[in-house]
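Here the structure is laid out as structure tokens; the discussion comes afterwards.
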Amino acid sequence: MPGLFTPLLLGIASAFVVSSVRADSPINPGFPYGSEKVRGVNIGGWLVLEPWITPSLFDNTGNDAIVDEWTFGKLQDRSTAQAALKQHWDTFYTETDFGDIAAAGLNLVRLPIGYWAFEVGPGEPYIQGQLPYLQKAIGWAGKYGLKVVIDLHGAPGSQNGYDNSGERISFPTWHTNATNVARTNAILKTIAEMFTSNPTVVPLIAPLNEPAGYVGADMLQVVKQYWRDSYGSIRYPHNSQESNTVVLIHDAFQTASYWSGFMTPPKFQGVAIDTHIYQVFSNSEVALSQNQHIALACNQSATLKEYDLNVIVGEWAPAITDCATYLNGRGIGARYDGTHSNSRRVGSCTGMSGSADTFSADYKMFLRKFWEAQVTAYETGAGWIQWLWKTEAGTGEEWAYASGLQYGWIPRNPTDRQYPRICPN
Ligand SMILES: *[C@@H]1O[C@H](CO)[C@@H](O)[C@H](O)[C@H]1NC(C)=O
Ligand SMILES: *[C@@H]1O[C@H](CO)[C@@H](O)[C@H](O)[C@H]1NC(C)=O
């Protein structure tokens, strides 16, 4: 629907918005979306643990049953776990990283945080202490002129069952239990109260990462109501007074047409949609050739034009394999080399993941092309946020923006192109 699509994140063409009954007033966002694309990175694996981003944190426990932040708190000595977390929070990200991100020409970071940073229920083994680091990170972002998306990445009961929701379980239970949802609403209100007063540094809040819409209509029903409730919390944090903070809803793995007309202007103001685009989480995708990966990336520009809300590609990466250690979960292998159950081997993982020192010149040239194809396509929408800024040294470096800068497959200025005609349109 190109007629409805506007490169302005918020449909800032407020003068043209005919006010209708109960329409909210157009907002004044803390980001020049009209003139600037979102170009950002995710601060993954810091305030929410993911085994593949910091394998050593998990390996050092000596316990193979520790596979996520829940079991990290549950299955080892409490003070050992606390000390390891504190050490991780103190060192994995520091002010230097935020300075480096800004120096790379990026304008935004997305910062995942789990519900347990705000509230831990009875019997839940999570260890708290993340909040002061979130506050510090917002201070660093402000100092270097970066914008921040606060992203609630894990909800009680888990909204997707992935380890990155805090709890790796076979079926999400967030949506099947009204207490879980009520707790999430309360936590989101707390987040809104804490951060909507600072829209210059925190222009967007993402109420929930990747709810698993594919599990069925019951989940989608709960998600849609949760987005409406989140709108109230974020856009009206103090009831009558409207904020300038944008609500960034996730597509719950549904298509643009599914969300057509959902929370759109003029009735709703300050809503954007987040979609995540990976090409490594199925057998058919890891089997694609390099040229097919690039063609698929280029094709996303057509898909992004179908949204009637402004769309940010809030997660994506130059990876073309699932070879990074623990990427599919601690103890689970890779589809690419056939070590994942129900997979068919495509090739060896050697030289495809791990330390970028092992990457061939050809592979790095491909990573550069694939990176350029993706950012070119995603800038058809409101912009992009790569997953992620960095990994533990020597692991999964094909995902890491910092490694890309160091080894040259990502340009020092994100608008530079070596392959300006990589996408044929
Ligand atoms: C619902 O979730 C809460 C935690 O949010 C838990 O205490 C309660 O036992 C759950 N209820 C059921 C029926 O599973
Ligand atoms: C890209 O889109 C075109 C047109 O819709 C289609 O013919 C082609 O098969 C797509 N290519 C890929 C790799 O998805």
Side-chain angles (χ1 to χ4, degrees), residues 44-51 63 65-78 81-82 85 89 111-134 150-196 205-234 237 247-254 274 329-330:
W46 185 39
L47 303 183
V48 175
L49 298 187
E50 294 192 38
N63 182 343
I66 294 178
V67 298
D68 54 21
E69 197 154 334
W70 177 283
T71 48
F72 196 88
K74 184 176 182 178
L75 299 179
Q76 62 180 327
D77 172 70
R78 194 98 186 145
Q82 243 147 5
L85 279 175
W89 294 333
L111 231 162
I113 185 95
Y115 81 87
W116 55 93
F118 300 90
E119 183 249 289
V120 174
E124 296 177 350
Y126 286 121
I127 292 169
Q128 292 192 300
Q130 297 86 351
L131 265 192
Y133 294 90
L134 180 63
I150 306 286
D151 154 44
L152 185 63
H153 218 70
S158 179
Q159 73 280 17
N160 53 35
Y162 308 150
D163 56 12
N164 57 59
S165 71
E167 224 184 330
R168 178 173 134 192
I169 49 180
S170 52
F171 199 82
T173 62
W174 171 69
H175 62 300
T176 61
N177 176 331
T179 308
N180 288 338
V181 179
R183 288 174 68 196
T184 316
N185 275 314
I187 289 159
L188 210 265
K189 267 192 197 309
T190 303
I191 292 175
E193 277 158 16
M194 290 175 90
F195 301 111
T196 48
I205 294 176
L208 190 58
N209 178 62
E210 296 189 350
Y214 50 79
V215 303
D218 56 340
M219 171 68 92
L220 285 166
Q221 207 55 41
V222 174
V223 167
K224 282 188 280 191
Q225 186 56 48
Y226 177 71
W227 293 157
R228 291 187 197 100
D229 293 342
S230 299
Y231 183 86
S233 302
I234 294 168
V247 185
L248 184 60
I249 62 172
H250 184 262
D251 68 6
F253 306 100
Q254 306 303 299
D274 176 14
R330 188 164 185 227

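All ligand and atom numbering here is 1-based and tracks the order in the structure. Just so it is clear, the structure is predicted and the values come from calculations on it, not from any experiment.
- Counting heavy atoms only, N180 comes closest to atom 5 (O) of ligand 1 of the residues N180, T179, T176, T173.
- In terms of the salt bridge (charged side-chain N to carboxylate O under 4.0 Å, His left out) criterion, R168 has no residue partners (sequence neighbours excluded).
- In this pair, F171 and H175 present their aromatic rings tilted. The plane angle is within the 30 to 60° band.
- In terms of polar-atom proximity, defined here as any N/O pair under 3.5 Å, N177 does make such a contact with ligand 1.
- In terms of polar-atom proximity, R183 is counted as a contact of ligand 1, with an N or O under 3.5 Å from an N or O of the ligand.
- Dense packing is recorded around NZ of K224, with more than 12 heavy atoms of other residues, nucleotides or ligands lying under 6.0 Å away.
- Side chains of E124 and Y115: a donor on one and an acceptor on the other come within 3.5 Å.
- The presence of a protein heavy atom under 4.0 Å from atom 7 (O) of ligand 1 is ruled out.
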